[in-house]
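As structure tokens, the structure follows; a few thoughts come after it.
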Amino acid sequence: MKHLSLFKKLSAFAIAATAAIAFNSAMAATGTITAPVDRIMFDNDLYGACVAHFPAHNPKSVLPGCADNWITFDCDAQFNDENKAYEMFSLVQMAFALNKRVRITFTDEQTHNGWCVAKRVQILP
């Protein structure tokens, strides 16, 4: 009988843990866009410092919690490691200079002035 009670407790814990993970996943979404970059900006005080503009594919259309057309790379390191943030921004600058498209994955869990934070950047041919 004790084994059955322990099994019920473990099952209840597993269900609760799964629900908590599912709830957190639903609250913080990630999205991806593939688009050319038409503007880049560095601001010492706002927007996580380094941002890029994507007119062809609005991040807000993927994640409504994002502000229009801009994604921040968080160069002021509130959410991303500073070196990784600058490396992602460098890739976007390269894509801008070479007129290439980028694929960016971003999250609405972390924002600067409403602009969602990039988590992954890939330059496309």
Side-chain angles (χ1 to χ4, degrees):
M1 267 319 224
K2 287 185 181 182
H3 290 113
L4 186 57
S5 177
L6 179 61
F7 179 75
K8 285 182 180 180
K9 288 178 184 178
L10 288 174
S11 296
F13 174 77
I15 291 169
T18 302
I21 291 169
F23 178 76
N24 280 340
S25 297
M27 295 299 291
T30 60
T32 301
I33 61 169
T34 300
V37 182
D38 80 329
R39 283 186 274 174
I40 52 178
M41 179 175 65
F42 192 90
D43 187 296
N44 200 39
D45 299 318
L46 298 172
Y47 316 114
C50 54
V51 295
H53 188 257
F54 301 93
H57 198 122
N58 190 351
K60 187 176 184 116
S61 68
V62 178
L63 293 177
C66 296
D68 282 332
N69 295 102
W70 293 88
I71 293 177
T72 179
F73 299 89
D74 188 42
C75 292
D76 67 1
Q78 284 187 354
F79 305 114
N80 286 332
D81 173 78
E82 184 177 24
N83 291 329
K84 291 176 184 175
Y86 275 102
E87 288 296 326
M88 286 190 292
F89 191 56
S90 291
L91 287 174
V92 170
Q93 290 173 313
M94 185 185 312
F96 177 73
L98 297 173
N99 200 28
K100 298 284 186 181
R101 294 177 310 134
V102 292
R103 180 173 294 134
I104 297 183
T105 301
F106 52 94
T107 181
D108 65 356
E109 177 182 22
Q110 301 162 335
T111 63
H112 284 285
N113 306 94
W115 294 351
C116 288
V117 175
K119 292 299 178 185
R120 182 174 189 262
V121 175
Q122 178 184 10
I123 297 178
L124 300 175

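Quick caveat: nothing in here was measured; it's all calculated off a predicted structure. Heavy atoms only: backbone and side chains are in, while hydrogens, waters and symmetry mates are out.
R101 CZ to F54 CZ: the interatomic distance, rounded to the nearest 0.5 Å, is 12.5 Å. Residue N58 holds its CG atom at 4.0 Å from CG of N69, rounded to the nearest 0.5 Å. Separation of atoms CH2 (W70) and CZ (F106) is listed at 15.0 Å; rounding is to 0.5 Å.
Both I123 and I71 belong to a common hydrophobic cluster when Ile, Leu, Val, Met, Phe, Trp and Tyr are linked at side-chain heavy-atom distances under 4.5 angstrom. Hydrophobic clustering, with ILVMFWY side chains joined whenever heavy atoms are under 4.5 angstrom apart, keeps L91 apart from V117. Put simply, F79 and I104 are part of two different groups of oily side chains (I, L, V, M, F, W, Y) that touch within less than 4.5 Å, one to the next. One hydrophobic cluster holds both M94 and V102 under the rule that ILVMFWY side chains link at heavy-atom gaps under 4.5 Å. Hydrophobic clustering, with ILVMFWY side chains joined whenever heavy atoms are under 4.5 angstrom apart, keeps I33 apart from L124.
Heavy-atom minimum distance, A35 versus H57: CB-CB, 3.9 Å. When all heavy atoms of C75 and F42 are compared, the pair lying nearest together is CB-CE1, 4.4 Å.
The environment of N99 atom CG is sparse: at most 12 non-hydrogen atoms of other residues, nucleotides or ligands sit within 6.0 angstrom.
Within the 3.5 Å criterion, the main-chain N or O of D108 finds no donor-acceptor partner in the side chain of T111. Under a 3.5 Å cut-off, the side chain of T107 and the backbone N or O of A29 do form a donor-acceptor pair. Under a 3.5 Å cut-off, the side chain of D68 and the backbone N or O of K60 do not form any donor-acceptor pair.
Counting heavy atoms from C-beta outward, M88 and K119 have side chains that stay 4.5 Å or more apart. Side chains of Q122 and T105 form no contact here, defined as non-hydrogen atoms less than 4.5 Å apart. Residues V51 and I40 have side chains not in contact (no heavy-atom distance under 4.5 Å, counting atoms from C-beta outward).
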Worked verdict on V92 versus V121 for side-chain contact (heavy atoms from CB on, under 4.5 Å)
CA-CA 8 Å; V92 170; V121 175; 4.0 Å; yes
Could you go step by step and tell me if R103 and T34 meet the side-chain hydrogen bond (donor to acceptor under 3.5 Å, both in side chains) rule?
CA-CA 4 Å; R103 180 173 294 134; T34 300; 3.2 Å; yes
Between D38 and H53, does the side-chain hydrogen bond (donor to acceptor under 3.5 Å, both in side chains) criterion hold? Intermediate values first, please.
CA-CA 6 Å; D38 80 329; H53 188 257; 2.6 Å; yes
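When each of D43, T72, D74 is checked for a side chain to side chain donor-acceptor pair (under 3.5 Å) with H112, only D74 meets the rule.
Using cut-offs of 30° and 60° on the angle between ring planes, the pair W115 and Y47 is parallel.
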